[in-house]
Protein chains: 2
Amino acid sequence: MTDASATVLDVALCSTGKRRQIRPKAERRQQLIDATIRCIAQHGLSAVTMQMVTREAGLSVGIANLHFQSKENLLRETLRYVAEEYHNGQIKIMEGADITDLGDRLDALLDFQLGRGVTQRQKMSVWFAYYGEAGARPVYQKIVSTVDRLAALKLEALFASIIREGDYQDVDPRELATGYSALIDGLHLGLLVTPRELTKRRARSVARDFLRRAFPKHIY
Amino acid sequence: MTDASATVLDVALCSTGKRRQIRPKAERRQQLIDATIRCIAQHGLSAVTMQMVTREAGLSVGIANLHFQSKENLLRETLRYVAEEYHNGQIKIMEGADITDLGDRLDALLDFQLGRGVTQRQKMSVWFAYYGEAGARPVYQKIVSTVDRLAALKLEALFASIIREGDYQDVDPRELATGYSALIDGLHLGLLVTPRELTKRRARSVARDFLRRAFPKHIY
DNA sequence: AGCAAGAATGAATGATCATTCATTCTTGAT
DNA sequence: ATCAAGAATGAATGATCATTCATTCTTGCT
């Protein structure tokens, strides 16, 4: 039996009993990005250290530089990941052929934007941590605005369809899309900073109100 | 003549030729807070150092700790200052006896919120830098939510008056106030992160649209 | 089994930062 | 003119951090 020696080795190698594992590059990258998200949410972007992230990931300090070359790179890729996840989700709903009714499509979008997945404190924290730095960091600004632009165009197109279908007068799709996006951003901010005063339920209701005022024939 | 010796001294003391000056405590504190705002806007909250702030203020490194005890304290007081400046401005408009027409009051509020003073990149950067950290720092959360609460109540009261005056049906002042505040926050965010796609002019127009849809008899 | 390739480790390094405090300077009262 | 009070300075300190790299370990191939 080799059990005894194996146990001793395991304990000596790591407090959690895990052995050193070799995994594909893509998997390690994702592990590190996930750990970074958790660290930013818990400690704030400005307090995140490489030691913190790698400990959170259950890996050694050297590995982050092996896969990302630098901290700046890791942070940049983390932002890209979160940004793309959010905007791909939106676009999937807006382009998806599975929903034919436009009112249902609006509902699905709202559910996604203010539903469980996105409004996790974790994701919102990351989101706004980067927004906070974007004013001083053109790199962040570029990532966010690039990915934002496409979603904005799709939303505008969806609104335009609804306006045509409902024959709404005096409604500009571009203006309305800008307003709706801003409203959602603002609600996310409220959910993050003043969770006591703004519940998810109320945030949904507020966003729905906005849409109902614009498209009364499609919402409710 | 003591001119020669004085000149030598001045040059030796400071590159700008200024002598060491003794100023009241309150004035130094404000100088440092102003310098902190500029530094956050230019370099981002996470890159701000004490050396950077004191150099920006034209003072020595030691003085920040003399007046604020610690960096954390300085950052906290800077947030408090920016938050109070914004919310006092709002409340002044909402309480001011100089404007009797409620529609005018709404206009004044909108002008303040999306006008020159507030939408300076500097102020917005600071604003969102702290929001970004608020998820992880209860202290920031508390400062913002405390000062936010009062403004939200006043806004709700203003909306309630307008609803009464215009006899608007199916409009909940609380819900609308939440929506409007979120919209303004979102527009600020857009102005900061994607200034190419969202101009101040368009932001104003979007906010005005929101209000017009809710209070058609009061706006335009 | 033995070996080469390269993934993973973590102690060591050097840089940067917040904070301290002995010293210098200014001001206003005597 | 002198002096005490305390405002201001900045070199020094110690802590923390990102990054490096010599070494160890794992995997898959022969």
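Letters A, B, ... are given to chains in the order of the sequence lines, protein chains preceding strands, and every chain is numbered from 1. No experiment lies behind these values; they were computed from the predicted model shown.
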Visitor: Measure from CD on Q69(B) to C1' on dT19(C) and round the result to the nearest Å.
Guide: 12 Å

Visitor: For F68(B) and dA7(D), what is the distance between atoms CZ and C1' respectively, to the nearest whole Å?
Guide: 15 Å

Visitor: On DNA chain D, nearest-nucleotide positions of Q21(A) versus R28(B): which is more 5'?
Guide: R28(B)

Visitor: Let's see if you can work this out: which of dA7(D), dC17(D), dA18(C) has an atom nearest to the side-chain heavy atoms of K71(B)?
Guide: dA18(C)

Visitor: If you compare all heavy atoms of T100(A) against all heavy atoms of A97(A), which two are closest, and at what distance to 0.1 Å?
Guide: CG2-O, 4.3 Å

Visitor: When you look at R196(B) and S145(A), which way does the side chain to side chain donor-acceptor pair (under 3.5 Å) test go after all the steps?
Guide: CA-CA 9 Å; R196(B) 288 282 157 79; S145(A) 63; over 6 Å; no

Visitor: To the nearest Å, how far apart are L74(B) CG and dC17(C) C1'?
Guide: 15 Å

Visitor: Between H67(B) and dA8(D), is there a contact of a side-chain N or O with OP1 or OP2 at under 4.0 Å?
Guide: yes

Visitor: Assign the ring pair F210(A) / Y180(A) to parallel, tilted or perpendicular, where the plane angle (0 to 90°) is split at 30° and 60°.
Guide: tilted

Visitor: Check whether more than 12 heavy atoms from other residues, nucleotides or ligands sit under 6.0 Å from atom CD of Q30(A), and answer yes or no.
Guide: yes

Visitor: Applying ring-ring contact (aromatic ring centres under 6.0 Å, His included), name anything that partners Y131(A), two or more places apart in sequence or on another chain.
Guide: W127(A), F128(A)

Visitor: Between G186(B) and D185(A), which heavy-atom pair has the shortest distance, and what is it?
Guide: CA-CB, 4.2 Å

Visitor: R29(B) CZ to dA8(D) P: how many Å, rounded?
Guide: 13 Å

Visitor: Requiring both pairing distances under 3.5 angstrom, list the stems that contain DNA chain C and are made of three or more consecutive Watson-Crick or G-U pairs.
Guide: C:1-30 with D:1-30

Visitor: Which whole-number value in Å describes the distance from N73(B) CG to dA18(C) P?
Guide: 14 Å

Visitor: Identify, residue by residue, the members of residues 41-54 of chain B with a heavy atom below 4.0 Å from DNA chain C, and return them in order of residue number, or none.
Guide: V48(B), T49(B), M50(B), Q51(B)

Visitor: Would you say N65(A) places a side-chain N or O within less than 4.0 Å of OP1 or OP2 belonging to dT20(D)?
Guide: yes

Visitor: Which atoms form the tightest heavy-atom contact between K200(A) and L114(A), and what is the distance?
Guide: CD-O, 4.4 Å

Visitor: Rounded to whole angstrom units, what separation is found between the CZ atom of R55(B) and the P atom of dC17(C)?
Guide: 10 Å

Visitor: Starting at CG of L32(B) and ending at P of dT19(C), how long is that distance when rounded to a whole Å?
Guide: 14 Å

Visitor: Taking the nucleotide of DNA chain C with the closest heavy atom to each, which residue, G62(B) or I22(B), is nearer the 5' end?
Guide: G62(B)

Visitor: I'd like to know if the side chain of Q141(A) reaches the main chain of A134(A), judged simply by a donor and an acceptor atom lying under 3.5 Å from each other, with no hydrogens or angles considered.
Guide: yes

Visitor: Mind calculating the distance between CZ (R20(A)) and P (dA8(C)) to the nearest angstrom?
Guide: 9 Å

Visitor: I'd like to know if the side chain of H188(B) reaches the main chain of Q113(B), judged simply by a donor and an acceptor atom lying under 3.5 Å from each other, with no hydrogens or angles considered.
Guide: yes

